[in-house]
Amino acid sequence: SGEDVDAFAFDPADGNGPGSKSFFSTTDDFDTGTAEGEDAEVRHELLFGDRVVRCFRRRPRSLWDLFIESVHRDPQADALLWDPNGRMSYGELANLADVLSGGLRTLGISKGDRVAALTTNRFEYVALALAVWRTGAIYVPLDSRLRTNEIRHILSHSGARALLCQGDLIESLPSRSLVPELENIIVLDRAPAAAGQLSLAQLVDAGREYGPSEIHEEDTAAILYTSG
């Protein structure tokens with residue numbers, strides 16, 4: 001097992017974390033995905049089974065677009081708070097998600113790929129979800145209380161190509177030979193200890209600037225596995 005380390009320290013005050021590798025200099029740099037010249041009153045329709053839902057106002061095309069609208073409203077507002085004194089603004093969260101999205105793309109993750117997460121509640125969980133949606137990939141959250149055989153089933157069934165895993169949950173993972181589609185494990189809280197593993201800090205360092213993926217309302221955002 002790897003030695004416990006501070007794999008990713010977020011402190012915007014001293015330049016660590018996303019603030020040291022920001023792809024957005026102002027809120028105007030964020031792409032909300034709104035088509036130029038689009039009429040706010042144009043009618044849109046969505047199908048939910050046999051139901052047709054009609055809308056007559058412009059709305060975000062994806063979860064990433066919806067998030068960016070909040071960034072535009074007030075980038076300095078608190079987006080995440082955690083104990084004891086953790087704080088991240090909407091602008092900082094957007095920058096981190098963008099850098100992580102670039103890191104995922106350097107790993108070969110693209111639109112439609114599955115990216116899983118096995119962690120307890122923490123800010124990286126939210127940032128990775130946003131990064132996955134910006135990439136156009138599909139988020140597969142895993143309950144941290146799952147047993148190894150349940151994790152193996154979900155990873156295999158979903159076809160996840162990458163996994164964000166909390167360091168103290170690594171021992172719960174199945175053998176890599178049982179989930180051959182899983183190419184990379186992004187480890188939190190400790191140094192990577194095996195081939196195909198990298199730290200969150202390494203993923204941030206690998207990030208490059210990419211334009212947002214073309215995402216549509218009908219594209220899948222997440223695959224959720226329940227106990228039922």
Counting heavy atoms not belonging to Asn149, are there more than 12 under 6.0 Å from its CG?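 Above 12, so yes.
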Side chain to side chain contact (heavy atoms under 4.5 Å, CB included) between Asp78 and Leu81, worked out: CA-CA 7 Å; Asp78 289 337; Leu81 300 171; 3.8 Å; yes
Using side chain to side chain contact (heavy atoms under 4.5 Å, CB included) as the criterion, list what pairs up with [X], not counting sequence neighbours.
X: Ser175; result: Ser177, Leu178
X: Leu130; result: Trp64, Phe67, Leu93, Ala97, Val126, Trp133
X: Ala117; result: Tyr125, Leu128, Tyr139, Leu164
X: Leu173; result: Leu118, Ile151, Leu163, Cys165, Ile170, Ile185

So, [X] side chain and [Y] main chain: donor-acceptor pair closer than 3.5 Å or not?
X: Arg114; Y: Val140; result: no
X: Lys111; Y: Glu214; result: yes
X: Ser62; Y: Ile215; result: no

Distance-minimising heavy-atom pair for Val187 and Gly167: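 So the two residues come closest at CG1-CA, 4.2 Å.
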Considering non-hydrogen atoms only, spot the tightest contact between Leu224 and Pro141 and give its length.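 Answer, listing the atom of Leu224 first, then Pro141: CD2-CG, 3.5 Å.
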Side chains of [X] and [Y]: closer than 4.5 Å at any heavy-atom pair?
X: Ile68; Y: Asp65; result: no
X: His72; Y: Tyr90; result: no
X: Val204; Y: Leu100; result: yes
X: Ser144; Y: Thr120; result: yes

[atom1]-[atom2] distance between [X] and [Y], expressed to the nearest 0.5 angstrom:
X: Leu80; Y: Ser89; atom1: CG; atom2: OG; value: 9.5 Å
X: Ile186; Y: Leu198; atom1: CD1; atom2: CG; value: 5.5 Å
X: Thr220; Y: Ile138; atom1: OG1; atom2: CD1; value: 4.5 Å
X: Phe123; Y: Glu92; atom1: CZ; atom2: CD; value: 10.5 Å
X: Asn184; Y: Thr106; atom1: CG; atom2: OG1; value: 8.5 Å
X: Arg176; Y: Leu155; atom1: CZ; atom2: CG; value: 10.0 Å

Looking just at side-chain N and O atoms, do Thr148 and Ser172 make a donor-acceptor pair shorter than 3.5 Å?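 Judged by distance alone, the side chains do not pair up.
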Going by side-chain hydrogen bond (donor to acceptor under 3.5 Å, both in side chains), name the residues that satisfy it together with [X], two or more places apart in sequence or in a different chain.
X: Asp143; result: Arg145
X: Arg122; result: Glu124, Gln166, Asp189
X: Ser70; result: Arg73

Which residues share a ring-ring contact (aromatic ring centres under 6.0 Å, His included) with His157, sequence neighbours left out: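 So His157 forms a ring-ring contact (aromatic ring centres under 6.0 Å, His included) with His153, Tyr225.
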Residue pairs involving residues 146-170 (criterion salt bridge (charged side-chain N to carboxylate O under 4.0 Å, His left out); sequence neighbours excluded):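 Passing the test, one end in residues 146-170: Asp113-Arg161, Arg147-Glu150, Arg161-Glu183.
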Among residues two or more places apart or on two chains, list those pairs meeting ring-ring contact (aromatic ring centres under 6.0 Å, His included) that have a residue in residues 159-179.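 Qualifying pairs, neighbours excluded: none.
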For Asp74, enumerate each residue passing the salt bridge (charged side-chain N to carboxylate O under 4.0 Å, His left out) test, keeping only those at least two apart in sequence or located in another chain.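 Here no residue qualifies.
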